[in-house]
Participant: 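Can you read through this structure? Questions will come right after.
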Amino acid sequence: MATVSSNASPKSFSFTVSNPLKSKIPTKSPSLKYPPRKNHHRLGLSINATVSTPPSIATGNAPSPDYRVEILSESLPFIQKFRGKTIVVKYGGAAMTSPELKSSVVSDLVLLACVGLRPILVHGGGPDINRYLKQLNIPAEFRDGLRVTDATTMEIVSMVLVGKVNKNLVSLINAAGATAVGLSGHDGRLLTARPVPNSAQLGFVGEVARVDPSVLRPLVDYGYIPVIASVAADDSGQAYNINADTVAGELAAALGAEKLILLTDVAGILENKEDPSSLVKEIDIKGVKKMIEDGKVAGGMIPKVKCCIRSLAQGVKTASIIDGRIQHSLLHEIMSDEGAGTMITG
């Protein structure tokens, strides 16, 4: 479990965006459809609901002005609830490889920033790393879901995550009308790494030893969107590749975030792994631990769930595992009762 340095304790403050963010909300967004309000407020399993087709979308025209106004009006309670709150988003999976989904995530982040939320984006970049390793004829090897990272691979990981993926995301967010700042765990000693216990087999694969979010606070205070690559160095300066879910969870805890959101390639946590309709919409820590014990949560979902549990234990209000394959899933998760996956509460 990571520790927070003594000079990085959360502070109470009011939030205003001092630099103007020029929102570029698309005029045509048929996919931006909020599910109808439900009194269940996301309790229990998912409920099959019929989403009415907005006026004129069925005919291929832009939504009517009345429909747009209705959406904005229904968003007001959620904007009021989350305005000024920090939201940490881990970006990965299909949303990183599909241009349409990448554009959706970027526009969601910009919109959230424009209405007063404080989003922070954490990313990995597995597909890009694999592509560059292949070009250099370096085999990609994994053990227990973790990339075996020797010195050469670590150099490629740093180059790709910090030099390519990070700056590409920063450029996309800037082009969409917000102002992003690219960082890695090295910058401002944001993260200090240590080797994982089985480093003899995995090489330079690390975990988070300490978090010092001091460098992030002035950025989010002034309305910037930090974009953080999941690499960091230990006390001696040796670089390590760290799981992006872990980085997002520890940053959310250190910042006292309102929400941790993990974008994934699955619908969320399923009551029955073979039944996509058995999505668990909301569950507490005790319930999700029981699901792990019963084998209902298994495989690659286990480290994601444990990451959420750790962040909740350290003060994060809610942690969500959502379906990044759905356009505007971030807005669905934050700006609707239905959400876009599973929300775990403390």
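Along the sequence shown, residues carry numbers from 1. Quick caveat: nothing in here was measured; it's all calculated off a predicted structure.
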Participant: Would Asp221 and Arg217 count as a salt bridge (Lys or Arg N to Asp or Glu O under 4.0 Å) if you check the C-alpha gap in whole Å, the side-chain angles of each, and the deciding distance to 0.1 Å?
Facilitator: CA-CA 6 Å; Asp221 285 350; Arg217 296 190 186 283; over 6 Å; no
Participant: Would you give the length of the straight line joining atom CD1 of Ile309 to atom CG of Asp284, rounded to the nearest 0.5 angstrom?
Facilitator: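 That separation rounds to 10.0 Å.
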Participant: Please give me the minimum heavy-atom distance between Thr342 and Leu279, naming the atom from each residue.
Facilitator: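 Thr342 and Leu279 have their closest heavy atoms at OG1-CD1, 3.5 Å.
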Participant: Does a sphere of radius 6.0 Å around NZ in Lys167 hold more than 12 heavy atoms from other residues, nucleotides or ligands, not counting ones at 6.0 Å or beyond?
Facilitator: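 Yes, enclosed.
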Participant: Taking the side chain as everything from C-beta on, heavy atoms only, tell me whether Leu172 gets closer than 4.5 Å to Lys102.
Facilitator: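 In short, these two side chains touch, coming nearer than 4.5 Å.
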Participant: Taking all non-hydrogen atoms of both residues, which atom of Ala140 and which atom of Asn130 are closest, and how far apart?
Facilitator: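 Here Ala140 and Asn130 meet closest at CB-OD1, 3.9 Å.
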Participant: Is it the case that the side chain of Lys281 and the backbone of Glu338 share a donor-acceptor pair, with hydrogens and angles ignored and the cut-off at 3.5 Å?
Facilitator: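 Checking the backbone N and O of Glu338 against the side chain of Lys281, a donor-acceptor pair under 3.5 Å is found.
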Participant: Within the 4.5 Å heavy-atom criterion, are Ile120 and Val89 side-chain neighbours or not?
Facilitator: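 They are not in contact (no side-chain heavy atoms under 4.5 Å apart), so the answer is no.
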Participant: Measure the shortest side-chain to side-chain distance between Ile283 and Met291 over non-hydrogen atoms and say whether it is less than 4.5 angstrom.
Facilitator: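 In short, these two side chains touch, coming nearer than 4.5 Å.
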Participant: Working to the nearest 0.5 angstrom, can you tell me the gap between His332 NE2 and Asp108 CG?
Facilitator: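 Here the interatomic distance stands at 8.5 Å.
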Participant: Does Leu112 reach the side chain of Ile87, with side-chain heavy atoms less than 4.5 Å apart?
Facilitator: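 Heavy-atom side-chain distance check fails, nothing below 4.5 Å.
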Participant: Would you say that Ile326 contacts Leu101 through its side chain, given a criterion of any heavy-atom pair below 4.5 Å between the two side chains?
Facilitator: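 Not touching, per the 4.5 Å side-chain cut-off.
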Participant: Any chance you could measure Lys304, atom NZ, to Leu262, atom CG, to the nearest 0.5 Å?
Facilitator: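 Here the rounded value is 6.0 Å.
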Participant: In Å and rounded to the nearest 0.5 Å, what is the SG to CD1 distance from Cys308 to Ile261?
Facilitator: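 Taking SG in Cys308 and CD1 in Ile261, the distance rounds to 10.5 Å.
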Participant: Do Phe204 and Leu136 belong to the same hydrophobic cluster, where Ile, Leu, Val, Met, Phe, Trp and Tyr are linked whenever their side-chain heavy atoms lie under 4.5 Å apart, directly or via other members?
Facilitator: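 Looking at the clustering, Leu136 is in the same group as Phe204.
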Participant: Start with the C-alpha gap between Ile173 and Val227, add the side-chain angles, then the distance that decides, and say whether side chain to side chain contact (heavy atoms under 4.5 Å, CB included) holds.
Facilitator: CA-CA 10 Å; Ile173 292 171; Val227 181; 3.8 Å; yes
Participant: Donor-acceptor pair, Ser278 side chain versus Asn272 backbone, under 3.5 Å?
Facilitator: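 Yes, the answer is positive, given that a donor and an acceptor are paired below the 3.5 Å cut-off.
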Participant: Please tell me if the side chains of Lys296 and Lys290 come closer than 4.5 Å, counting only heavy atoms from C-beta onward.
Facilitator: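 No - every pair of side-chain heavy atoms lies 4.5 Å or more apart.
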Participant: Just by distance, do the side chain of Thr149 and the backbone of Arg147 share a donor-acceptor pair under 3.5 Å?
Facilitator: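 Flag set: sc Thr149 to bb Arg147 pair under 3.5 Å.
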Participant: Roughly how far, to the nearest 0.5 Å, is CG of Leu121 from CG of Leu251?
Facilitator: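 Here the rounded value is 11.5 Å.
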Participant: For Gly295, is there any backbone N or O sitting under 3.5 Å from a side-chain donor or acceptor partner on Lys273?
Facilitator: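 Side chain of Lys273 to backbone of Gly295, a donor-acceptor pair under 3.5 Å: yes, one is there.
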Participant: Ignoring hydrogens and geometry, is there a side-chain-to-backbone donor-acceptor pair from Ser104 to Glu100 under 3.5 Å?
Facilitator: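 A pair under 3.5 Å: no.
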Participant: Evaluate the criterion side chain to side chain contact (heavy atoms under 4.5 Å, CB included) for residue pair Tyr91 and Val105; output intermediate values, then yes/no.
Facilitator: CA-CA 8 Å; Tyr91 174 55; Val105 171; 3.9 Å; yes
Participant: Checking Thr152 against Asp150 for the side-chain hydrogen bond (donor to acceptor under 3.5 Å, both in side chains) test, could you report, in this order, the C-alpha distance in whole Å, the side-chain angles of both residues, the deciding distance, and whether it holds?
Facilitator: CA-CA 6 Å; Thr152 302; Asp150 58 15; 4.6 Å; no
Participant: Mind running salt bridge (Lys or Arg N to Asp or Glu O under 4.0 Å) on Arg194 and Asp235 for me, showing each step along the way?
Facilitator: CA-CA 8 Å; Arg194 63 183 172 219; Asp235 289 321; over 6 Å; no
Participant: I'd like to check the side chain to side chain donor-acceptor pair (under 3.5 Å) partners of Arg189; sequence neighbours left out, ordered by chain and number.
Facilitator: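 Testing Arg189 for side chain to side chain donor-acceptor pair (under 3.5 Å), a comparison that skips the adjacent residues, returns none.
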Participant: Would you say Ser199's side chain and Pro195's backbone share a donor-acceptor pair under 3.5 angstrom?
Facilitator: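 No; zero donor-acceptor contacts below 3.5 Å.
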Participant: For the pair Val247 and Lys90, evaluate side chain to side chain contact (heavy atoms under 4.5 Å, CB included) and give the outcome as yes or no after the intermediate values.
Facilitator: CA-CA 9 Å; Val247 170; Lys90 184 267 181 172; over 6 Å; no
Participant: Could you tell me whether a side-chain N or O of Arg118 sits under 3.5 Å from a main-chain N or O of Ala113, the two making a donor and an acceptor?
Facilitator: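 Side chain of Arg118 to backbone of Ala113: no pair is present.
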Participant: Are Asp128 and Lys164 ion-paired here, with the side-chain N under 4.0 Å from a carboxylate O?
Facilitator: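 Yes.
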Participant: With distance as the sole test, does Ser103 use its side chain to make a donor-acceptor pair with the main-chain N or O of Pro99 at under 3.5 Å?
Facilitator: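 It does not hold such a pair.
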Participant: Please check if the side chain of Asn166 supplies one atom and the backbone of Leu161 the other of a donor-acceptor pair under 3.5 Å.
Facilitator: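 No; zero donor-acceptor contacts below 3.5 Å.
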Participant: To the nearest 0.5 Å, how far apart are CG in Asp234 and OG1 in Thr192?
Facilitator: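 Answer for the CG-OG1 pair, Asp234 versus Thr192, is 8.5 Å.
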Participant: So do the side chains of Met335 and Val115 get within less than 4.5 Å of each other, counting heavy atoms only?
Facilitator: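 Result yes, sub-4.5 Å side-chain heavy-atom pair found.
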Participant: For Ile225 and Val181: C-alpha separation, side-chain torsions, deciding distance, then whether side chain to side chain contact (heavy atoms under 4.5 Å, CB included) applies.
Facilitator: CA-CA 6 Å; Ile225 299 178; Val181 177; over 6 Å; no
Participant: Indicate the atoms forming the closest heavy-atom contact of Val148 with Gln201, along with that distance.
Facilitator: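 Heavy-atom minimum between the residues: CG1-O, 3.8 Å.
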Participant: Give the minimum heavy-atom separation between Ala239 and Ser158, together with the two atoms involved.
Facilitator: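 Ala239 and Ser158 have their closest heavy atoms at CB-OG, 4.5 Å.
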Participant: Is there side-chain contact between Arg325 and Asp265, with heavy atoms separated by less than 4.5 Å?
Facilitator: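 Yes; the side chains approach each other to less than 4.5 Å.
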Participant: Any idea which heavy atoms bring Ala267 and Asp323 closest together, and the distance?
Facilitator: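 Shortest heavy-atom contact: CA-OD2, 3.7 Å.
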Participant: Can you see which heavy atom on Lys317 is nearest to which on Glu258, and at what distance?
Facilitator: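 Between these two residues, the closest heavy atoms are CB-O, 3.1 Å.
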Participant: Would you say the side chains of Asn168 and Ser171 form a donor-acceptor pair under 3.5 Å?
Facilitator: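 No.
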Participant: Keeping the roles fixed (side chain from Ser320, backbone from Ile322), state whether a donor-acceptor pair exists under 3.5 Å.
Facilitator: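 No.
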